[in-house]
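Keep in mind that what you see is a predicted model, and the values were worked out from it rather than measured.
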Amino acid sequence: MQWRYFLVGSNPAETKYRVLKIDRTEPKDLVIIDDKHVYTQQEVRELLGRLDLGNRTKIGQKGSSGLSRAVSAFGVVGFVRFLEGYYIVLITKRRKMADIGGHAIYKIEDTNMIYIPNDSVRVTHPDEARYLRIFQNVDLSSNFYFSYSYDLSHSLQYNLTVLRMPLETLKTETIQTRQESFDIFEDEGLSTQGGSGVFGICSKPYEKYVWNGKLLEAVKNTVHRDWLLYIIHGFCGQSKLLIYGRPIYVTLIARRSSKFAGTRFLKRGANCEGDVANEVETEQILYDASVMSFSAGSYSSYVQVRGSVPLYWSQDISTMMPKPPITLDQADPFAHVAALHFDQMLQRFGSPIIILNLVKEREKRKHERILSEELVAAVTYLNQFLPPEHAIIYIPWDMAKYTKSKLCNVLDRLNVIAESVVKKTGFFVNRPDSYCSILRPDEKWNELGGYVVSTGRLQTGVLRTNCVDCLDRTNTAQFMVGKCALAYQLYSLGLIDKPNLQFDTDAVRLFEELYEDHGDTLSLQYGGSQLVHRVKTYRKIAPWTQHSKDIMQTLSRYYSNAFSDADRQDSINLFLGVFKPTEGKPHLWELPTDFYLHHKNTLSLSQTRRSYTYWWTAGVLKHLPLPFDEVTCAENRRKLTVKKFHKYEEEIDIHNEFFRPYELSSFDETFCLAMTNSTRDFMPKNVGIDPSPFTVRKPDETGKSVLGNKSNREETVLQRKTAASAPPPPSEEAVSSSSEDDSGTDKEDEGAVSQRSTPVKVTDTGDNTKITENVVQSTKDVYGVNLSDVPSEDDLTIYTRFVQLGQSQYKQDKSSQQFCSKHHLERVINLIPISSFSQDNIYEVQPPRADRKSIEIFHAHIQAGRGNMQPLGKDDFLMYREYIRNRYM
């Protein structure tokens, strides 16, 4: 319409709708009206029909209409204004990237910005177009994620802990405050009395990891909360680990901080509020996908953090040097900025806070060591005032020095550090210890830290890893800690017998590929190139072709830092609302530096000064080692909102939300079938291979290398025969899979749901047959042991009978089968069935016994078919009334 926009939103099933009216007559103000009413599909059609009819220009004019569709979208990113009127930013394309307990996580694929004011009232400004270009330089289609029903800004531990918070206290507090604000129960059209309601808890997002918070500020207090869609920036990847057919989803979510955000050399250290550059929270989530519910399923997570050294420091890039000198900008004898930073971490993660500092300790020219010395002094000062059991743990380790040494194994040393870290922090799991851990006790399991509760375990504390850039070295260290935590997670869910994972297994290869995609993506966002040094580099098994790629990545990073980072920094400052264009003040491109934008104390002095000794927030120390954000207290309860649903409402029906029976779907497009799969993508395709994802394979035995081209396959066989100890050069596809594939770049447009490319399928059956014969020539090469040449006659007879059991249902009738079995096998062996099967046949089972209630329901169903109706109960009346109200009213 010419004078207003109508924004119509619906639930996935399109049975409930809300409508926003946006006024287009205001040249610079944003006027939005939300009637807070929930419409049915019929009511919305009638409403739009009346609007269309009432706003036609002239009756009889052909093609004239009072209402026309402008755009279809999946969500509202926010509203932004520069020097003219407001724009609305809409998500027009999305792609499913992960699934957590039935809650879908989507990646933004495309957006659309629409100017709201009508052209007749538009007040033009010459610099508007330039601001628009700078704003759109933040590519929303590159690694921005959202979910309609899952809070991505918080960890899984926080989300599931909040769900278990006692509801009685929240309900009484909510009812008492009804007079002060609108009634959230009346808002949904439900009475607060009666037993037909189900209470749900909604928490405020964690602002540090929300990237469109400023864009939603203008409407946050005006529209219903269902319109607010919070997005995060970072990485999200999910792969399926099949353990003998049991689907285990491994998910990696990285949340990049929106505070003090920017590019590599332009954002270093910390700002005056304790927010550090390149701060990313990485969470690995593991759950059994065969049970989807949060309450009934098995879920586990582990969180770790990376971030710049929390000091006032920077690097001058005007010298055009590959490694500009590090300078400390301000003296901070009382570690004020470090205290603010670690106070934030204590509130969010609890204790202990463990710092793994990977910067160089010994240098000919003092460079990185400047940061180590200052960080040690800051941690030592802060620890004076903390209780010893909650002190900050500092672990310095010169990773670059160990890498150059031929005698030291970098990953072995990292594995020792990872074990000690995971033992101190523990991890989150939402179920009590498995009975198998009691049957098979493990010494490492008994030494595990964290906080044990009746419903499972909580992670207390966090590992904070840093080098100078927090890219290459940090990603490898985080991978090793994540691999160690993954072993404990698998053990806690009863999937492995010992909390230990070895390299060259399908599970670790899958996890390593996830982490390399994660590292590449974060490195592109901050440094302008993919990872230079990878896990294979530190294992010293990287192929020789990798060195030339490392050189190209280094040059790409240098070019990006020298020429394009300044424009990207301006775009980030404008997108996050750090800079707000104002008439009569200098423009963004006229500022010599953005230092004053990120350090607010340079423009106004704070009225309150924090204590130099009691540097933590009041109340934090009392609840340690638990994180303050997760404890039940009045301050945290104010962040929560109680919402009441009818127990038959679609919004809380997880089955309809996830499986969507009202939609026509195909298996080819199903997310769980298209995602990366350990069996399909990593397990060797040879005959006789152990299908366990925890079996150590030879370096050339992956699903990707075995399925390469013919010459590579022959080379693989030759390598096995000649030098099994030395890893052969992988195929071209295997070499490039870790370095060139990157989420958020050109690879995503190929239509694959996962971040990684799918393996090439070999269709030439002749080649397959030949290669299989070559591969399994020797049982010693395949299995590692020498087997007897010919099985015994008894073993062959037992195996023959087993095959006949499987074929009997379709190829033989019972009489001939029994005669054959009796005639040939009676003298050999007599198998006694030990199951509840009626006969010794894998296709025959006894029908289940129905309980009394089921029989009564069945009899009532038969009587209803004959016209004899049973009297309806109270729940039946409530269900029918709800059906009539949703269908016809």
Donor-acceptor check, side chain of [X] to backbone of [Y], threshold 3.5 angstrom: yes or no?
{"X": "Asn143", "Y": "His233", "result": "no"}
{"X": "Gln525", "Y": "Gly234", "result": "yes"}
{"X": "Arg94", "Y": "Asp110", "result": "no"}
{"X": "Asn357", "Y": "Ser372", "result": "no"}
{"X": "Asn278", "Y": "Asp469", "result": "yes"}
{"X": "Trp211", "Y": "Arg256", "result": "yes"}

[X] bridged to [Y] by N-O distance under 4.0 Å:
{"X": "Lys220", "Y": "Glu217", "answer": "no"}
{"X": "Glu109", "Y": "Lys107", "answer": "yes"}
{"X": "Lys267", "Y": "Asp275", "answer": "no"}

Relative to the ring of [Y], is the ring of [X] parallel (under 30°), tilted (30 to 60°) or perpendicular (over 60°)?
{"X": "Phe595", "Y": "His599", "answer": "parallel"}
{"X": "Tyr515", "Y": "Phe479", "answer": "perpendicular"}
{"X": "Tyr206", "Y": "His154", "answer": "tilted"}
{"X": "Tyr381", "Y": "Phe385", "answer": "perpendicular"}

Counting only heavy atoms not in Lys93 (residues, nucleotides, ligands), do more than 12 fall under 6.0 Å from its NZ? no

Please check if atom NZ in Lys208 has more than 12 non-hydrogen atoms from other residues, nucleotides or ligands closer than 6.0 Å. yes

Find the distance between OG (Ser301) and OH (Tyr158) and round it off to the nearest 0.5 Å. 14.5 Å

Any side-chain heavy-atom pair of [X] and [Y] under 4.5 Å:
{"X": "Tyr394", "Y": "Leu356", "result": "no"}
{"X": "Gln238", "Y": "Leu252", "result": "no"}
{"X": "Asn475", "Y": "Arg306", "result": "yes"}

Can you sort out the partners of His390 under side chain to side chain donor-acceptor pair (under 3.5 Å), two or more places apart, ordered by chain and number? Ser351

Who pairs with Asn212 by side chain to side chain donor-acceptor pair (under 3.5 Å), at least two apart in sequence or on another chain? none

Could you check whether Tyr86 and Phe79 have their ring centres less than 6.0 Å apart? no

Please confirm whether the ring centroid of Tyr131 lies under 6.0 Å from the ring centroid of Trp589. yes

Quick one: salt bridge (charged side-chain N to carboxylate O under 4.0 Å, His left out) pairs with a partner in [range], sequence neighbours left out?
{"range": "residues 334-361", "value": "Glu281-Arg348, Asp343-Arg610"}
{"range": "residues 365-377", "value": "Lys366-Glu373, Glu368-Arg473, Arg369-Glu373"}
{"range": "residues 330-341", "value": "none"}

All ring pair (Phe, Tyr, Trp, His ring centres under 6.0 Å) counterparts of Phe82, not counting sequence neighbours: Tyr87, Phe135

Stacked cation flag Arg264 on Tyr526, 6.0 angstrom / 45 deg: no

